[in-house]
Amino acid sequence: MTIITPDVAAADTEDLLNSVFDSVRDLRRELQDLKQRVRTGKDLDKTGDGKTLASAIGLLETCQKVENRLAECRNKSRGIVQGDYALDLDKARADIAGKLDRIRAASDPGQVPG
């Protein structure tokens, strides 16, 4: 059994995002070509150019999904939950330890176990 940690999930998501960026770069070239053909009045290939536009729309949706997943992984690794907050457990431990120390100092040694 493999344990998947947020770092592994984030790394996988970053790899996917890089792949999507490569696809975006390729699609950008195709769209620039299409734009140039439209400007110069050249005949358009309705089937091929339609596929290029459909690819652009699909790729934009994929980019948004991957970016959201990457943000979730980063938040999870920072301890941030869905409500956009995180608990600072180190600070909580320090606060509790300080309060216990004050209680011990104010109490008789026999009342509170040290």
Side-chain angles (χ1 to χ4, degrees):
M1 182 164 83
T2 303
I3 297 175
I4 299 174
T5 63
D7 291 336
V8 171
D12 289 345
T13 305
E14 287 184 29
D15 289 343
L16 179 59
L17 186 59
N18 287 331
S19 173
V20 169
F21 285 149
D22 291 341
S23 297
V24 167
R25 187 176 41 251
D26 294 342
L27 185 60
R28 181 180 291 150
R29 285 187 208 118
E30 290 180 42
L31 290 172
Q32 287 293 345
D33 179 54
L34 177 61
K35 182 178 171 182
Q36 186 63 29
R37 284 187 283 138
V38 167
R39 282 186 178 168
T40 59
K42 291 186 180 177
D43 289 336
L44 299 177
D45 174 17
K46 291 183 181 181
T47 303
D49 295 336
K51 287 181 182 179
T52 299
L53 293 175
S55 293
I57 292 168
L59 198 52
L60 287 172
E61 292 171 353
T62 300
C63 286
Q64 290 172 336
K65 290 176 186 176
V66 172
E67 287 174 339
N68 289 338
R69 177 69 181 132
L70 183 58
E72 288 173 9
C73 288
R74 286 181 177 156
N75 286 342
K76 189 179 241 184
S77 71
R78 293 183 194 130
I80 299 172
V81 295
Q82 281 184 326
D84 292 331
Y85 67 91
L87 299 175
D88 187 347
L89 297 179
D90 291 332
K91 184 176 182 318
R93 281 187 201 98
D95 289 346
I96 291 169
K99 290 175 183 179
L100 288 173
D101 288 342
R102 285 194 299 277
I103 290 171
R104 286 185 192 106
S107 301
D108 290 337
Q111 291 180 345
V112 178

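Just so it is clear, the structure is predicted and the values come from calculations on it, not from any experiment.
- Listed by chain and number, the residues in a salt bridge (charged side-chain N to carboxylate O under 4.0 Å, His left out) with K42 amount to none (sequence neighbours excluded).
- With rounding to the nearest 0.5 angstrom, the CG atom of D33 is 8.5 Å from the OG1 atom of T52.
- Summarising the geometry, atom CD1 belonging to I57 is positioned 12.0 Å from atom OG1 belonging to T62; distances are rounded to the nearest 0.5 Å.
- For R28, there are no salt bridge (charged side-chain N to carboxylate O under 4.0 Å, His left out) partners two or more places apart in sequence or in a different chain.
- Residue L27 is not grouped with residue L60 when hydrophobic side chains (ILVMFWY) are merged at heavy-atom distances under 4.5 angstrom, including chains of intermediate members.
- Considering every non-hydrogen atom in both R29 and D26, the closest pair reads NH1-OD1, 3.0 Å.
- How far CD1 of I96 is from NZ of K91: 10.5 Å, rounded to the nearest 0.5 Å.
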